[in-house]
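Below is one structure; the comments refer to it alone.
Predicted model, so just to flag it, every value in this text is computed and none were measured.
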Amino acid sequence: MAAMRLASQLGEQFDSAIRARTRDVDVVSIASGVPEALPMDIDAMIALPFLQSGQVAPTKPAGWPFGLKWIQLVSVGADLYPDWLFEGPVVSCARGATSDALAEFALAAIFAAAKNMPNIWIDAIDDWKHQGIGMVRGSTLGIVGFGGIGAALAPRALALGMSVIATRRTDALFGIDGVERAESLTDLFARSDHVVLAAPATAETRGMISAEVLSHAKQGLHLINLARGILIDDDALLAALDRRQLSLASLDVTHPEPLPADHPFYRHPQIRVSPHVAVMTNEVGGALLDKLTANLDRVARGQAPEDIVDLNRGY
């Protein structure tokens with residue numbers, strides 16, 4: 001008889017991989033979204049996000065949390081799940097599983113901006129004209145919210161010859177030689193050529209990239225958002241771009257998601273929007289599997305899972 005019954009929303013292919021990696025775990029595949037009911041002998045659940053940014057949270061199903069004792073989120077942030085999900089069972093997040101993918105995406109955005117891609121590509125002889133491009137080496141990267149993403153991104157940026165400055169919620173050391181702590185958010189914006197947002201969505205971070213912060217931005221700054229769209233005051237961002245204080249905004253996340261058809265971000269020449277794809281790599285699945293199976297092993301041995309969610313932190 002299985003020691004644990006696990007309900008998974010990740011699909012049969014992923015569930016088969018879990019079965020191949022674990023012992024004494026009965027994996028039951030369930031549909032995505034809010035589970036209206038679960039058998040009382042289901043001990044744990046792997047949960048996909050229940051909503052997208054800007055959506056109204058679904059109501060709590062009758063009988064929640066059923067027999068669940070532990071929930072593993074596939075995301076790092078807790079904001080894409082309703083508050084009632086955290087009532088009762090221990091909830092852990094996937095902190096670290098997506099960090100490498102997000103770091104690479106940030107670097108791709110930085111290189112695209114510096115080399116003026118895709119604008120330098122031509123498809124006609126009349127466009128065969130030389131134009132200047134920039135260098136990544138010697139530029140300054142600012143990281144807002146130095147957690148797993150920052151820890152993955154900073155060494156890569158330093159290896160490319162960038163200077164790296166960062167902010168974080170606590171006074172804890174960054175743990176990476178060469179990363180300098182910015183005095184404040186405005187100090188970071190004033191000194192950076194590229195800024196990557198990697199902070200969680202909380203009441204404190206909502207709208208943190210405000211008109212006041214953007215007014216201190218270094219001329220020509222490139223803003224990259226890999227965190228949550230709700231961190232940015234959209235009107236303030238548009239104004240900063242229009243006055244050319246910022247040169248570009250690369251946004252893999254927005255608020256809401258998806259943006260409505262008439263949203264100005266789609267039409268603005270200095271904004272590049274991607275549909276929340278930075279983590280959509282084959283390698284992320286493997287990292288998530290490693291995270292999950294390690295936590296399954298911990299729980300099976302009577303230990304708490306790693307990276308238990310703290311709603312005050314947002315992850």
Side-chain angles (χ1 to χ4, degrees), residues 53 76-77 98-119 133-160 162-168 179 182 185-201 205 207-210 213-214 216-234 236-238 240-241 244-255 257 259 265-266 268-281:
S53 181
V76 179
T98 61
S99 297
D100 287 339
L102 289 165
E104 284 197 3
F105 195 90
L107 290 177
I110 289 168
F111 271 107
K115 305 308 179 184
N116 195 26
M117 295 178 178
N119 299 328
I133 58 175
M135 289 287 290
V136 171
R137 184 176 184 85
S139 62
T140 297
L141 169 64
I143 302 174
V144 178
F146 197 92
I149 299 170
L153 176 57
R156 291 168 164 85
L158 291 166
L160 291 169
M162 302 182 79
S163 299
V164 180
I165 59 177
T167 63
R168 72 184 320 168
V179 179
L185 187 58
T186 54
D187 174 57
L188 181 142
F189 268 72
R191 297 166 56 192
S192 298
D193 299 291
H194 306 270
V195 169
V196 171
L197 303 184
T205 61
M208 67 186 299
I209 309 306
S210 62
V213 169
L214 292 172
H216 290 83
K218 182 177 181 179
Q219 190 71 37
L221 181 144
H222 171 211
L223 180 64
I224 304 164
N225 193 1
L226 304 177
R228 292 289 187 264
I230 206 166
L231 271 60
I232 298 176
D233 179 329
D234 289 353
L237 174 60
L238 288 167
L241 289 165
R244 299 288 176 175
Q245 186 155 11
L246 269 63
S247 63
L248 182 67
S250 299
L251 310 175
D252 189 53
V253 290
T254 61
H255 182 77
E257 291 184 1
L259 292 173
F265 281 5
Y266 290 129
H268 201 287
Q270 295 161 260
I271 294 180
R272 295 172 179 171
V273 177
S274 51
H276 208 147
V277 297
V279 301
M280 301 299 179
T281 71

Does Arg168 reach the side chain of Ile143, with side-chain heavy atoms less than 4.5 Å apart? no
With a 4.5 Å cut-off on side-chain heavy atoms, are Ser192 and Leu141 touching? no
Residues at least two apart in sequence or cross-chain that pass side-chain hydrogen bond (donor to acceptor under 3.5 Å, both in side chains) with Thr205, listed by chain then number, are Thr202
Once side chain to side chain contact (heavy atoms under 4.5 Å, CB included) is applied, do any residues pair with Ala249, and if so which ones, sequence neighbours excluded? Leu237, Leu241, Leu251, Ile271
Rounded distance (nearest 0.5 Å) linking atom CZ of Arg272 with atom CG of Asp252: 13.5 Å
Nearest heavy-atom neighbours spanning Ser250 and His222: OG-NE2, 2.8 Å
Measuring only between side-chain heavy atoms, which start at C-beta, is Val277 closer than 4.5 Å to Phe105? yes
Residues passing the side-chain hydrogen bond (donor to acceptor under 3.5 Å, both in side chains) test with Asp233, sequence neighbours excluded, are none
Going by side chain to side chain contact (heavy atoms under 4.5 Å, CB included), name the residues that satisfy it together with Arg244, two or more places apart in sequence or in a different chain. Gln219, Gln270
His194 to Ser139 - nearest heavy-atom pair and separation: CD2-OG, 4.0 Å
Drop me the distance from Arg191's CZ to Ile165's CD1, to the nearest 0.5 angstrom. 4.5 Å
Looking at Gly220, is its backbone amide N or carbonyl O close enough to the side chain of Ser247 to form a donor-acceptor pair, meaning the two atoms are under 3.5 Å apart? yes
Do any N or O atoms from the side chain of Tyr266 and from the backbone of Leu259 form a donor-acceptor pair under 3.5 angstrom? yes
Evaluate the criterion side-chain contact (heavy atoms from CB on, under 4.5 Å) for residue pair Ile224 and Ile110; output intermediate values, then yes/no. CA-CA 8 Å; Ile224 304 164; Ile110 289 168; 3.6 Å; yes
Which atoms form the tightest heavy-atom contact between Ala217 and Gln245, and what is the distance? O-NE2, 2.9 Å
Indicate the atoms forming the closest heavy-atom contact of Val136 with Ala114, along with that distance. CG2-CB, 3.8 Å
Partner residues of Asp193 under the side-chain hydrogen bond (donor to acceptor under 3.5 Å, both in side chains) criterion, sequence neighbours left out: Lys218
In the structure I gave you, are the side-chain heavy atoms of Val279 and Leu226 within less than 4.5 Å of one another anywhere? no
Are His268 and Leu238 close enough that some pair of their side-chain heavy atoms sits under 4.5 Å apart? yes
Interatomic distance, Thr167 atom OG1 to Leu188 atom CG [nearest 0.5 angstrom]: 5.5 Å
Flag, side chain of Glu257 to backbone of Thr254, donor-acceptor distance under 3.5 Å: yes
Nearest 0.5 Å, what's the CG-CD1 distance between Asp100 and Ile149? 10.5 Å
Give the minimum heavy-atom separation between Ala152 and Ser99, together with the two atoms involved. CB-O, 3.7 Å
Ignoring hydrogens, what is the shortest heavy-atom contact between Ala236 and Ser210? Give both atom names and the distance. CB-C, 3.9 Å
Side-chain donor-acceptor contact under 3.5 Å, Ser53 with His255: yes
Pairwise side-chain contact, Leu197 with Ile209, heavy-atom cut-off 4.5 Å (strictly under): yes
Any non-hydrogen side-chain atom of Pro200 less than 4.5 Å from a side-chain atom of Arg228? no
Which residues pass the side-chain hydrogen bond (donor to acceptor under 3.5 Å, both in side chains) test with Thr98, sequence neighbours left out? none
Between Ile232 and Leu223, is any pair of side-chain heavy atoms under 4.5 Å apart? yes
If you measure from CE on Met117 to CD1 on Ile133, what distance do you get to the nearest 0.5 Å? 7.0 Å
Residue pair Met208, Val144: steps toward the side-chain contact (heavy atoms from CB on, under 4.5 Å) verdict: CA-CA 10 Å; Met208 67 186 299; Val144 178; 3.9 Å; yes
Measure the spacing between CE of Met135 and CG of Leu160 and express it to the nearest 0.5 Å. 10.0 Å
